[in-house]
Amino acid sequence: ESEPPKLSAREITMSTSLPLSQINLAKVSDEIVRPDYDRSRVKVGIVHVGVGGFFRSHEAFYTDQLMQSVDASQWGICGVGLREADRKMAAVLKKQDFLYTLIVRHPGGMIENRVIGSLVDFILGCDDPQAVIDRMSSPDTKIVSMTITEGGYNLNSDTGEFDFSNAEALHDLENPSQPKLVFGYLTAALRKRRDNGLPGFTVQSCDNIQHNGNLTRKMVLGFAHRQDPELAKWIENEVGFPNAMVDRITPVTTQADIKYLEDEFGVQDEWPVTCEPFCQWVVEDSFSNGRPQWEQAGAQFVADVTPYETMKLRLLNAGHSVLGILGSIYGHKTIDECVSDMLFAKYLRNFMDLEATPTLDAVEGIDLAAYKDSLIERFGNPNIKDNLARICLESSSKLPVFLIPTITANLRSGGSIKYAALVIATWCFYSDQGVDQHGKQLEITDQLKDALHESAKGTSEDKRSFLKLKSVFGELAANERFAQAYAEMIDRVYANQDVAVPMRKVMQDTD
Ligand code: CS2
């Protein structure tokens with residue numbers, strides 16, 4: 001007599017495909033790390049605006065990691081989406097009791113899966129702005145953190161001030177209880193806290209911006225001052241705005257990620273997040289109303305974050321932009337594809353060594369050469385398919401932070417500028433033509449898409465036309481040395497069918 005073959009653990013889970021939820025957590029395969037703390041005890045202490053992949057692979061991960069090791073139950077996170085575009089995230093998270101899976105893909109193929117439990121609520125601001133204001137002004141809320149993208153700060157780069165020409169900002173001034181922008185929300189909530197005799201909360205930016213805390217402070221105060229100077233003064237005294245460097249490469253979630261969890265573990269997670277194993281968070285310890293002990297989960301608290309953020313923005317983020325723009329025109333699709341191409345890998349390394357590194361101050365405890373090696377290894381992770389389309393999203397807000405400061409510093413010091421100049425010239429071609437060198441349509445998403453296209457189109461009449469877009473390039477056009485180098489690159493890019501030719505030429509000129 002033969003018994004029916006035993007089902008393997010995997011087949012058992014497969015046969016009962018489980019929608020991810022609190023109640024189903026116990027049934028999820030042991031191969032997936034799950035919160036082992038009591039989520040029902042977790043109270044909201046942090047409100048986070050901008051729940052995308054990066055927040056979910058980074059701050060929520062650190063907080064979950066902390067909760068796994070110590071009692072941090074007062075630091076649960078309530079996610080907030082302000083816009084219509086956040087509706088799907090709100091719905092998926094709600095359905096899953098705010099749980100999701102983090103899929104950490106190592107370069108060698110190892111995958112660590114982990115259900116993150118630190119997010120315990122979500123509010124959609126466009127449906128109920130008052131609920132967001134109330135949550136932010138609750139006595140339990142100590143921190144409002146945000147990832148609103150580099151372009152979300154409503155900065156007028158010409159004046160360096162809050163941009164009151166933005167229709168939504170004007171709307172917020174006139175409708176303080178129905179805001180649209182995060183600045184309107186923060187101001188409304190801080191007003192309510194003051195009126196209720198509560199202390200302020202810390203406003204914590206997690207975006208890739210130099211001195212992100214200082215900029216946030218400037219924008220919040222700029223807006224608040226126009227609305228209520230007394231309140232602005234209170235905020236100035238009450239609210240901490242720590243600067244921070246944040247880092248974890250997090251590509252856009254794909255259907256393949258969803259299918260992977262379903263096929264391997266029988267888990268239905270409608271919106272998991274994939275990321276690399278590397279993770280870094282360097283934060284200034286200037287919180288005004290307490291904070292989680294994130295250092296116990298691997299974060300670094302330092303007195304001055306400047307050298308870390310400059311290093312990361314000018315090497316990692318700028319490195320991404322260099323590959324993103326040149327690679328898009330060349331026809332590469334992902335970052336790992338770029339760095340496995342010798343030409344692109346060498347161009348990147350030269351840009352880092354010859355143009356970015358000389359502008360950096362030494363960081364104590366960090367070996368820049370080793371940092372660059374590690375970046376190239378991270379970029380090369382073949383299991384992180386980071387699309388160039390994501391890298392090139394909103395380049396007009398990224399390049400002024402990632403790349404242009406390096407150019408400016410080199411112009412000041414007499415350093416090399418041609419690697420960067422070719423990138424800007426190629427970006428002009430990209431904005432002008434909207435296709436790669438094989439004639440394939442590029443997917444361009446940028447707040448300034450039309451303005452970029454217009455000024456790039458002027459190149460045939462005036463080689464320097466693109467640089468005249470002051471909100472992006474500031475005074476670069478007025479610098480003769482840069483403008484000349486740029487014009488030369490424009491000639492090369494427009495004269496060649498293949499961007500590899502000017503890339504090689506830049507490198508030959510260096511050797
Ligand atoms: C990327 C970043 O936006 C970009 O262009 O450089 O999203 C980058 O992946 C992260 O900052 C990594 O920490």
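All ligand and atom numbering here is 1-based and tracks the order in the structure. For this chain, numbers begin at 1 and follow the sequence in order.
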- atom 8 (C) of ligand 1: the protein heavy-atom neighbour that sits closest, reported with distance to 0.1 Å: Asn317 ND2, 3.6 Å

- Message: With a sphere of 6.0 Å drawn around CG of Asp361, does it hold more than 12 non-hydrogen atoms of other residues, nucleotides or ligands?
- Response: no

- Query: Distance only, no hydrogens: is a donor on one side chain within 3.5 Å (strictly under) of an acceptor on the other, for Ser455 and Ser465?
  - Reply: no

- Nitrogen or oxygen of Asn208 less than 3.5 angstrom from that of ligand 1: yes

- Test: Lys312 and Glu309 ion pair at under 4.0 Å: no

- Query: With a 4.0 Å cut-off on heavy atoms, is Gln280 touching ligand 1?
  - Reply: no

- Nearest-neighbour protein heavy atom for atom 6 (O) of ligand 1, which is reported as residue plus atom name and distance: His320 ND1, 2.7 Å

- Item | Proximal atoms of ligand 1 relative to Arg248 (non-hydrogen, under 4.0 Å) | 12 (C), 13 (O)

- Result for side-chain contact (heavy atoms from CB on, under 4.5 Å) between Thr63 and one of Leu119, Ile116, Ile77, Val42 points to Ile77

- Message: If the contact criterion is a heavy-atom separation under 4.0 Å, does Lys312 count as touching ligand 1?
- Response: yes

- Does atom CD of Glu377 have more than 12 heavy-atom neighbours from other groups under 6.0 Å away? no

- Query: Closest non-hydrogen protein atom to atom 9 (O) of ligand 1, residue and atom name please, with distance?
  - Reply: Arg390 NH2, 2.8 Å

- Item | Under 3.5 Å side-chain donor-acceptor pair for Glu112 and His106 | yes

- Message: Is there a polar contact, in the sense of an N or O pair closer than 3.5 Å, between Arg378 and ligand 1?
- Response: no

- Return a yes/no value for Asp247: is any of its N or O atoms, backbone included, closer than 3.5 angstrom to an N or O of ligand 1? yes

- Which residue supplies the protein heavy atom nearest to atom 4 (C) of ligand 1, what is that atom called, and how far is it? Lys398 NZ, 3.4 Å

- Query: Hey, what's the ring geometry for Trp281 with Trp294, parallel, tilted or perpendicular (30° and 60° as the breaks)?
  - Reply: tilted

